[in-house]
Enquirer: 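Mind having a look at this structure? Questions to follow.
Letters A, B, ... are given to chains in the order of the sequence lines, protein chains preceding strands, and every chain is numbered from 1.
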Amino acid sequence: MNIQELVIAEIKKAVKKNIDAGIFPQAEIPAIKLEVPPQKEYGDFATNIAMQSARIFHMAPKKIAEELIKQMDHDYLAKVEIAGPGFINFYLRSDIIYKELADVVKKGNHYGTLTDNGIKVQVEYVSANPTGPLHVGHGRGAAFGSALVNLLKAAGYQVESEYYINDAGKQIDNLAASVNARYLELLGKKADFPENGYHGHDIIETAQRIIDKFGDKYLNMADDERISLFKEVALKEKLAALREDLSAFNVHFDVWFSERTLHPDAVKSACEILLKNKAMYEKDGAKWLRSTDYGDDKDRVVIRDNGVPTYLAADIAYHKNKYERGFDKLINIWGADHHGYVCRVKAAIDALGFDSSKLEVLLLQMVSLYRNGELVKMSKRTGQSVTLAELIEEVGTDAARYFFIMRSLDSQLDFDLDLAKSESNENPVYYIQYAYARICSIFRQLAEAGIVYEGPANLELLTDETEIALIKKILSYPDEIRSAAKDYAPHRIANFVHELAADFHSFYNKCRIIGVDAPLAQSRLILCEATRNVIHHALDILGVSAPEKM
RNA sequence: GGCCCUGUAGCUCAGUUGGAUUAGAGCGUUUGACUACGAAUCAAAAGGUCGCAGGUUCGAAUCCUGCCAGGGUCACCA
C-alpha cells in the first residue's frame, strides 16, 4: 500500500466513525480521490471529498473536513489542513519521498509496470485492406494502437493485439482484376481497367514482378483462371508489404486473423442464431439485420439478394468469434469515417446474445499533412497519397510515432512534416531523447574517468527545488500509467515524458553532478538513474527509441 | 436534414471526468545564461472574453439547452 492508498483508507475509516457516532447522517459518499494541487503551497496532495459530500450530508464542507481530520490517524504525515472552500490538504513528511525514490531505483526498469490485474483485453487495430500500401491515416491508427497495447500491458492488463485481414470479398477481386489489367498492359495487350480498380503504382510493380519472374507464361491462360491466380500472388505480396511497413514502424501483432476463415461456416452459423432470435428477416430476396431495434437509422442487409454476404456479415461472424474467445474487454480502433458502422455491429452483438458494452470502439479523426505551411493534398482514389513508408523515410519512425501519439484521438491531427524532421530544439521528440542521452553521457564519463562513489547515498541531500520537483514527477509515474490506461489515452504518457524531460533539464542546468561532494554527487546520480529508467520505460510504451548518444 | 468529432495564447495542442485570487505546454516573438557534467539546454517576459448566448450550484474550459463555424459520415462498398 502506498501513501496515497493509506490516506484514502484513513478517510474512509474516518467517515465510518463519524457516521457511527451520529455526527454524519447515514449515507453513501462518492469515491474518494486524491489529486495533486495546482500549487505546492497547497500540499502534496488533496481531496475535495468534504465538498462533494456537503450536499449528501447537508453539512458545511469545512465542518465535514474538520470532523474527518479529527478521526484520522495521520502521524505519518507532516501536516493536514483545511483550505479554501473545504479542501483537505496533505503534506508529506520530507523523508517519505526519499524513501520512495530509493524504492524506485530498486525496481529498476520495472518501475512503472503495475502488477497483473487479470483483465484480458483484445485490441484490434489497423486492419487495413491488403489492397495497397498503408497511408498516413493508417499510421496514426498503428502508432496509437501499438502504444495503447504497450500502455495496457504496463498497467497490468493481459493484452492480445490483432489485425483483421480483409482477404475475402469484392475489394480483393478488384485487386486481382487490377493486377491482371496491368499485367496485360505491360505485355502490350489491350486491357479494360476495372471501374473500381486500384490505380496505385504498387499494382503496376506487382504486375511487373510477375513478368520478371514468369514472363508471359500466363498470357494464354483463361481470364478467370489467371485472375484467380493473380489474386493469391497479389494478396501474399500485399500482406508481406503490410507486415514490413508495420514492423519498420515498431508495430507487431500477436494474431493475424483472416476473414476467409469465416466463410462460409462461421457466417452461416451466426446468421442462423440471428434468424432464431428473430433479429434477422427476409425482404426483397435479401436477409436483413433488425438493427433499428438497437437504435440504428435503418435495418442493414447481411446477405444480399444474390446470396453473397455483405461485409457486415463477416464482421458479425468475426465479433462472434472474438466474444467466444473470452476476453473481458474488446477494443476496436477505427477511422472516424466508420463511425456509422458502430451501431450496427453492436446491434448484431446484442442480437447474438453477447454484451455489446464489452466492446469499445475508439474512433480516430483524420490526419492532414503540412509541408512548408501548406496542406499536402491526398486522394485515395487515384492512389496519390503519402504512404506510411514515405513518411517514415522522411521523418523517421521515432518522430512519426511521437507526433501521431501526442494528440488525443478526438482531435483532427495536423502533422507538420518540417517540425517532425527538424533535428533541433523545435522538436519535442529530440527534447525527450536529449534528456536521456545526457544522462547516459554522465554515466559514460564517470566510467571513462574511473570514478566510483562508495558508501550508502544520503538522498535527503536532494533539497533543491528542481530536485524535489523531479523526484515528485518520477513518483507520480505509476498513477499516470494507471489513469492513462483506464482512459485509453497514451497521449498522456507522451505529455508526461515531455514534462519529465523538462524537469530533468531544469535540474541539470541548476545542479552539478560530477565534481560536487561525493555524498551529494552520489545522491544526484541516483536521481539521474531513476529519471533514466522512467524516460526509457515511457518511451518504450510510445514505441520511440531511447538513444544513448545523439 | 440525422448522427459523430472539433472550437482554449499569433500557430499546433494539453487540461486525468465539476475545484483553489494565477486556465497550462511546445513553436514563434523579446531579454538574459557556456574558460565546469552535451546550449538539441536553462532562466525570465509578453501573449486569453476557453466560439456565442442562456441554464444547473458553494464553484463551469469541463455538465444541460439553443445558436454559429470547421471536419467526418449517412450503400445489397469495404
Side-chain angles (χ1 to χ4, degrees), chain A residues 33 35-39 41-42 46 48 51-52 54-55 60-61 83-87 89 128-129 131 166 169-172 174 196 284-288 297-298 300-306 308-312 314-315 335-343 363-366 368 370 373 406-416 419 422-431 433-435 437-446 449 466 479-480 482-484 486-487 489 491-492 494-495 498-499 501-502 504-516 521 524 528 549-550:
Chain A
K33 280 190 313 188
E35 56 182 18
V36 177
Q39 294 164 59
E41 293 76 44
Y42 293 136
N48 59 1
M51 281 130 75
Q52 290 205 322
R55 242 167 291 180
F87 288 98
N89 294 340
N129 289 342
T131 53
N166 295 120
K170 216 179 263 181
Q171 78 286 353
I172 295 297
N174 279 332
N196 295 316
D284 304 333
K287 293 197 174 78
W288 299 70
D297 297 334
K298 52 174 289 198
R300 307 291 171 174
V301 170
V302 179
I303 308 291
R304 298 184 180 93
D305 54 10
N306 62 6
V308 176
T310 62
Y311 180 79
L312 178 61
D315 236 6
D337 53 342
H338 287 69
H339 101 264
Y341 205 76
V342 176
C343 189
L363 299 174
L364 53 104
Q365 298 293 320
M366 279 181 49
S368 307
Y370 285 83
M406 72 177 172
R407 300 307 182 203
S408 80
L409 270 201
D410 292 337
S411 298
Q412 290 170 31
L413 180 66
D414 287 338
F415 194 115
D416 184 338
L419 180 60
S422 76
E423 296 189 7
S424 72
N425 54 350
E426 298 167 346
N427 195 325
V429 186
Y430 291 102
Y431 182 86
Q433 292 179 324
Y434 184 57
R438 263 185 159 174
I439 297 171
C440 292
S441 168
I442 295 166
F443 285 105
R444 216 163 32 235
Q445 288 183 47
L446 285 176
T466 60
D479 268 345
E480 200 69 33
R482 202 185 335 269
S483 84
K486 184 173 72 64
D487 296 341
H491 75 276
R492 274 196 229 149
N495 290 335
H498 191 269
E499 289 164 9
F504 174 77
H505 284 309
S506 293
F507 154 70
Y508 179 90
N509 272 277
K510 192 153 174 216
C511 303
R512 283 204 53 82
I513 297 156
I514 297 173
V516 297
R524 287 181 173 164
C528 286
K549 284 182 189 171
M550 294 173 69

Enquirer: If you round to the nearest 0.5 Å, how far is NZ of A:Lys170 from CG of A:Asn129?
Expert: 13.5 Å
Enquirer: Does B:C11 count as syn, meaning its glycosidic angle lies within 90° of 0, or as anti?
Expert: anti
Enquirer: Is A:His498 stacked on the base of B:A14, meaning ring centres closer than 5.5 Å and planes within 30 degrees of each other?
Expert: no
Enquirer: Could you check whether A:Ser408 gets within reach of a base, just the sugar-phosphate, or nothing at all, counting any heavy atom under 4.0 Å?
Expert: sugar-phosphate
Enquirer: Mind calculating the distance between OH (A:Tyr434) and P (B:A40) to the nearest angstrom?
Expert: 5 Å
Enquirer: Output the rounded distance in Å from CD1 (A:Ile513) to C1' (B:G38).
Expert: 12 Å
Enquirer: Does A:Met366 or A:Ser441 map to a spot on RNA chain B nearer the 5' end, using the closest nucleotide for each?
Expert: A:Ser441
Enquirer: Classify the side chain of A:His339 and the base of B:C3 as holding, or not holding, a donor-acceptor pair under 3.5 Å.
Expert: yes
Enquirer: Provide the Watson-Crick or G-U wobble partner of B:C37, both distances under 3.5 Å; none if there is no partner.
Expert: none
Enquirer: Could you list the residues that satisfy salt bridge (charged side-chain N to carboxylate O under 4.0 Å, His left out) with A:Arg524, not counting sequence neighbours?
Expert: A:Glu467
Enquirer: In whole Å, I'd like the distance from the OH atom of A:Tyr431 to the P atom of B:A39.
Expert: 13 Å
Enquirer: Starting at the 5' end of RNA chain B, which residue's closest nucleotide do you reach first, A:Gln412 or A:Gln52?
Expert: A:Gln412
Enquirer: Does A:Asp297 get its side chain close enough to the base of B:G2, under 3.5 Å, for a donor-acceptor pair?
Expert: no
Enquirer: Watson-Crick or G-U wobble partner for B:G26, using a 3.5 Å limit on both distances?
Expert: B:C11
Enquirer: Base of B:A20, side chain of A:Asn89 - is there a donor-acceptor contact under 3.5 Å?
Expert: yes
